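In what follows, a structure is listed as structure tokens, so that the remarks can point back to it.
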Amino acid sequence: MPAADVRVTRGRDPDAVDRILRALPGWFSVEEAIVEYVADASRLDGYLATVDGETVGVALVDRRFQRLAELALLAVDPAWHRRGVGTELLSQVEADVTADGVSLLQVHTLGPTSQDEGYLQTRAFYTARGFAPLSRRVASWSGPVLLLVKPLG
Ligand SMILES: CC(C)(COP(=O)(O)OP(=O)(O)OC[C@H]1O[C@@H](n2cnc3c(N)ncnc32)[C@H](O)[C@@H]1OP(=O)(O)O)[C@@H](O)C(=O)NCCC(=O)NCCS
């Protein structure tokens, strides 16, 4: 199904976040992290990608700073990977935060020293969508953390 059939709206849906994260055990396997994201879904700016009324993707945006926004979560139901849903969500986030004066979008993900196949694909997505690596650090609890940024506008 082409991206044109995906509808992205602003909205909060913690249950959809819970369902989609639990469908992605290759990326989200730590229970505490899932619970934290579900809690974030009630307080951060939320975006929902729907197809025929079903939520197939979610994004959360943290607006702590005036000129910089953080993509706190981006997740697409695995049945919908590689069909443009992530791109649609990201495009809407970028349009909204740009209109609100933000010039830099950042995202943290698992860094390239990891052999993790899933996050290899995640980094391929962010790179394809214009993000560039900015810094890398090692967090003892979960492996390397990669910070990527994308200039907007
Ligand atoms: C990362 C994710 C959000 C991307 O969403 P998506 O809807 O699958 O991505 P899109 O279909 O919009 O892909 C856009 C482009 O990104 C790149 N890309 C996406 N998935 C890729 C993969 N598995 N391998 C290589 N490139 C990939 C491609 O260039 C693709 O364009 P193309 O299909 O025309 O070649 C989704 O795969 C996902 O939910 N992954 C698991 C959770 C996750 O990693 N979240 C981010 C954590 S920081």
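Indexing begins at 1, ligand by ligand and atom by atom, following the structure's order. This one's a predicted model, so the numbers in the text were calculated from it and none came from an experiment.
Closer than 4.0 angstrom to ligand 1 sit non-hydrogen atoms from Trp27, Phe28, Leu74, Ala75, Val76, His81, Arg82, Arg83, Gly84, Val85, Gly86, Thr87, His108, Thr109, Gln121, Thr122, Ala124, Phe125, Tyr126, Ala128, Arg129.
Counting only residues at least two apart or in different chains, ring pair (Phe, Tyr, Trp, His ring centres under 6.0 Å) contacts with residues 30-66 comprise Phe28-Tyr37.
Every residue meeting the ring pair (Phe, Tyr, Trp, His ring centres under 6.0 Å) condition with His81, not counting sequence neighbours, appears here in chain and number order: Trp27. For Phe125, there are no ring pair (Phe, Tyr, Trp, His ring centres under 6.0 Å) partners, not counting sequence neighbours.
Under the 4.0 Å criterion applied to side-chain N and carboxylate O atoms, Glu88 and Arg7 are not assigned as salt-bridge partners. The pair Arg19-Asp15 does not count as a salt bridge, with every side-chain nitrogen at least 4.0 angstrom from each carboxylate oxygen.
In this structure, Lys150 contributes its side chain and Arg129 its backbone to a donor-acceptor pair below 3.5 Å.
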